[in-house]
Number of protein chains: 2
Amino acid sequence: MSTDLPHTSGAPTLEDVARLAGVSRATVSRVINGIRNVAPDIQEAVHRAIAATGYVPNRAARSLVTRRTGAVALVVSGAGDAEGGEPFESRVFADPFFGRVAGGVVGYLRPRGIHPVLMLADSAQTRDDVVSFLRQGSADGALVVSTHGEDPLPKLLVDAGLPAVLWARPARPIPISYVDLAHRAGAALAADRLVARGCRRVATISGPFDVPAAQDRLSGFQEAMAGHGHPYVPAVEGDFMPASGEAGMHRLIKEHPDIDGVFVANDLMAQGALLALRDLGRRVPEDIAVIGFDDSAAVTCRPPLTTVRQPMEDMAAEMARLLLAHAADPDFQVTSVIMRPTLVVRESA
Amino acid sequence: MSTDLPHTSGAPTLEDVARLAGVSRATVSRVINGIRNVAPDIQEAVHRAIAATGYVPNRAARSLVTRRTGAVALVVSGAGDAEGGEPFESRVFADPFFGRVAGGVVGYLRPRGIHPVLMLADSAQTRDDVVSFLRQGSADGALVVSTHGEDPLPKLLVDAGLPAVLWARPARPIPISYVDLAHRAGAALAADRLVARGCRRVATISGPFDVPAAQDRLSGFQEAMAGHGHPYVPAVEGDFMPASGEAGMHRLIKEHPDIDGVFVANDLMAQGALLALRDLGRRVPEDIAVIGFDDSAAVTCRPPLTTVRQPMEDMAAEMARLLLAHAADPDFQVTSVIMRPTLVVRESA
DNA sequence: CTGAAAGCGCTAACAC
DNA sequence: GTGTTAGCGCTTTCAG
């Protein structure tokens, strides 16, 4: 309870401000939207009136005429047909990967006054919800992060003519902008390091084969190792979760007891692999060197993990930048931005 | 210009649907909003017209008249004056705690057609942004999760008369609804377990003293131990991050080499503590039993962590429920919901 | 049970 | 430079 001035019913409107400043609504609108051609003294008066009334423009009204909301959908899209376990929501948001992407998006959007709306798309129903949401004009576009290779959402978005930008190249090509990492180059960084350290019997724990990024990391690694004169690299498949890294490491050591270096396709699995190595009594990096990928869980590993860093925040920010460009200009060219990974050397290799 | 087909410029509007169904806009609106008193055959015709045009109601227009958006702000509020390190965005969203809360919120909101808008408030400026956002009518209320005890945001919200619900009791009492956990009871669960296991020399690693929940967990633990005949419990303060758990454990062992049980105020620190114990050559739980709190990182610990589970998803859902109630009815009573923790026994104690 | 009409609060031509 | 005038697309009395 504080208002004493505008004694109309609800919140102050443009009308109230205009009346108090002794000008028209249009002029107030001009001042608020920073349009020039307004006499300094009038601007002054308007600003005073705004402050006096505590006026805040109504977003719906503005949106109705400008046809843009200051929002974008941040959608995490996945299978959702999860075999038991926790609900999709918890699994996905608890992943440090999502957290960093969200952080990068917010970091870019916030200074620009745009807000991300969190959405989950894990079924035909919820994918349609995303499309409807955008068609309703509830957001100006969508940033989509798919956890699965064959996600149908990107195509739905393209077909509906809605602005959208993807995290990572889609499994099958569609005309949509995306931001990705040079996975093969990153894997090569790991191979180079392992070889430079003197590792002779190197293996790898890959991500799930149906994820393009996992394939790229695997083939990029094998190729780089071949280039170093190691045509055969034992590999086991994981699912990017810690437990699979642990299991994978056990299997690798069992089948190839003499390996002295391993490239693990992400840090979460590397964390599990390190645990396994510890249980097996192998010292890292003395007995076996380990390199992860992502730089997402590296510091909480023991020993601290040498890893290939994926600049997730920068990539997410780039997605946001592209989306805003698409939203502002429907004719903006579809593009892909591929960012470079770097090797972060800690103690494990 | 205007043909008779829905070949107007942009997206189909109510008008288009009405014309095609041969009724008035009002009737279509009634059908869409599920208002009875519409003849079945007319409903039928309207639905057909909707399908034929691919009509989707415009959110801004609806919002303008109903004065409600289908959105709520999900704000993470903190100090932000962080000493170096990563930006607030990344730190906060990468925390599994945030992920689970977001998951719980989305799980509750999604079936109800409400969408959470992600916001960060870590400075006077950004706190005002949150208030403005709500005053603009961009969201119907705010769900706020403070990372700091003395967060000014809740009071700003209350003073502005905006619907809001907090995660956890605010440091100083203000008339606002919140959802919290019975931290003392949870700590007692840990104390009981440790004592029942036969631990005689028990210590604790607490959270930062300026966080009410940390204080409650500490005093609740001390009190419960006192009840078991252990009036003195060595304690060191951590900051809820893994590194502080590790450091705290080292300090504890150094100052009290004979302890055989420790209660760590959250799982992240417990993870660090476990690492320290491993380095020190102490077996868990044989030499020393460890109990964490939250059940957030418990499974990736080695050994799997016995911990006090905080039902974060349920708590977050409850926050959302309360917020919607407040938003729907301005006279809805301010309430607090305190949920019960449970002990999850794994291997560490 | 259905239609006509009046706005919700704002921006954007178009006048002056 | 500034005011006037139309709507943006929808819900909601109020008649009938």
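Everything numeric in this text was worked out from a predicted model, so none of it was measured. Letters A, B, ... mirror the listed sequences (proteins, then strands); counts begin at 1.
A:T53 and A:D16 share no donor-acceptor pair across their side chains, judged by distance under 3.5 Å alone. Side-chain atoms of B:Q136 and B:S138 form a donor-acceptor pair, as typed in the model, at a separation below 3.5 Å.
Between the CG atom of B:N37 and the C1' atom of C:dC1 there is a distance of 6 Å, rounded to whole Å.
Of all heavy-atom pairs between B:T69 and B:A139, the closest is OG1-CA, 3.4 Å. Contact between A:Y55 and A:T13 at its shortest, heavy atoms only, is CE1-C, 3.4 Å. Considering every non-hydrogen atom in both A:R62 and A:N33, the closest pair reads NH2-OD1, 3.6 Å.
B:S63 places a side-chain N or O within donor-acceptor distance of the main-chain N or O of B:R68, the cut-off being under 3.5 Å. Judged purely by atom type and a 3.5 angstrom limit, A:T27 has no side-chain atom pairing as donor or acceptor with the backbone of A:V23.
The footprint of chain A on DNA chain D, defined by a heavy-atom cutoff below 4.0 Å, extends from D:dG1 to D:dG9.
The residue among A:D41 and B:A60 whose nearest nucleotide of DNA chain D lies closer to the 5′ end is A:D41.
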Could you walk me through whether B:M339 and B:D180 pass the side-chain contact (heavy atoms from CB on, under 4.5 Å) test, one step at a time?
CA-CA 6 Å; B:M339 307 196 73; B:D180 208 339; over 6 Å; no
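Between B:H326 and B:F332, the two ring planes are perpendicular [angle over 60°; tilted spans 30° to 60°].
Both cation-pi conditions hold for A:R112 and A:Y108: the charged atom is under 6.0 angstrom from the six-membered ring centre and inside a 45 degree cone around its axis.
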Summarise how protein sits on nucleotides 10-16 of chain C as a single string, 5' to 3': B when a protein heavy atom is under 4.0 Å from the base, S for sugar-phosphate-only contact, - for no contact.
BBBB---
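The bend of the helix from C:dC1-D:dG16 to C:dC16-D:dG1, defined by the angle between the axes of its first five and last five pairs, stands at 40° to the nearest 10°.
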